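Atoms within each ligand, like the ligands themselves, are counted from 1 in listed order. The model shown is predicted, which means the values in this text are computed figures rather than measured ones. Numbers here are sequence positions counted from 1.
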Amino acid sequence: MIDAARANLPVGTGAASWRHRHLLDVDQLSREEVERCLDLAAELRALRERGERMDTLAGHVIGLAFAEPSTRTRVSFEIAATALGGQVVTLPFEASSTTKGESLVDTLLTMERTGVDTIVLRHAASGAPYLVARTTGLRVVNAGDGTHAHPTQALLDALTLRDALGSLQDRVIAIIGDIGHSRVARSNMHLLATMGATVRLAGPRSWTRGFEQWPGVEAHADLEQALSGADAVMALRVQLERQAGGGVPNLHEYTARWGLDERRLTLARPGAPVLHPGPTNEGVELTAELAAGSRSLIGRQVANGVALRMAVLSLLAS
Ligand code: ASP
């Protein structure tokens, strides 16, 4: 069993406590707090690789409430919580009393009353985690709310980029595609700006409009300009489930104009890595070869999701 003090873990060690009760979005975090979270994730990743047992969450009950589909986020939160000795309970939304008309807040209050102390919530309504944080005694981790925010995705992306680039200071990160419907893009824009990077956005005009106002963000009408000299490139999934009215005539036209392939990537810095939060629409946002190729960090993003979520759960528990 790993000794928490030796492992510099935040629970019961007297280490500086974390001032946040919830993780609703990354805009609540200072640069120092982001660095602390990423450092802890790297440390936990190493401990896990060495097969160390950890008990930071012993006595805690973590509820997983996913009202929208998820693979990576749900699985990695479950593995993260159990790797730290926590108990995990999953709310099966489609088989829960929400189908009898019970409200989200009453449903989660029920989980709280049965002993859950931390809820990991994904919901189609932007703002749902904020409502739960205000109206229950639960610690709340936002696992993606509508088009608004996905803080743990942005943090694991930052960890993956930091591993690859060393530092995010003064780096140029191009984010390509369906910005308008993407909670991943919004959280990344906040976080990358906090970390001193410049974000270049490009995609169909109706999906980038308005984002040129964001601090630290440049919006480009042209894919080539956005890619030019970029230190890393992140493609976003076209959010077909959120396309009331659509932003592009069809996926084929999207790929022809905005899809990433080896040829287009020659515009970026040589060897610039490629990211995608997943799942991909296969062959749409980037070619299958690129997704599986040596520049792709997509697998690293998924793997880092576990350590990063271990870090977040540990910090909130402290
Ligand atoms: N998995 C990410 C999310 O839940 C990205 C996506 O679905 O496109 O937002």
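Atom 7 (O) of ligand 1 has Arg237 NH2, 2.9 Å as its closest protein atom, hydrogens excluded (heavy atom only).
Remark: among candidates Ser182, Pro277, Gly278, Ala185, the nearest residue to atom 1 (N) of ligand 1 is Gly278, based on non-hydrogen atoms.
Using modelled atom types, one finds a donor on one side chain and an acceptor on the other under 3.5 Å when comparing Arg31 with Gln169. Using modelled atom types, one finds no donor on one side chain facing an acceptor on the other under 3.5 Å when comparing Asn281 with Arg237.
No part of Arg72 comes within 4.0 Å of ligand 1, judged by heavy-atom distances.
Distances between N or O atoms of Arg183 and those of ligand 1 include at least one value under 3.5 Å.
Closest approach of Ile62 and Val116 over heavy atoms only: C-CG1, 4.4 Å.
You'll find the ring centres of His220 and Phe211 outside the 6.0 Å limit.
Ion pair Arg50/Glu52 flagged as a salt bridge, since at least one NZ, NE, NH1 or NH2 atom sits closer than 4.0 Å to an Asp/Glu carboxylate oxygen.
Ligand 1 places these atoms under 4.0 Å from at least one heavy atom of Val184: 2 (C), 5 (C), 9 (O).
At least one heavy atom of Arg122 lies less than 4.0 angstrom from ligand 1.
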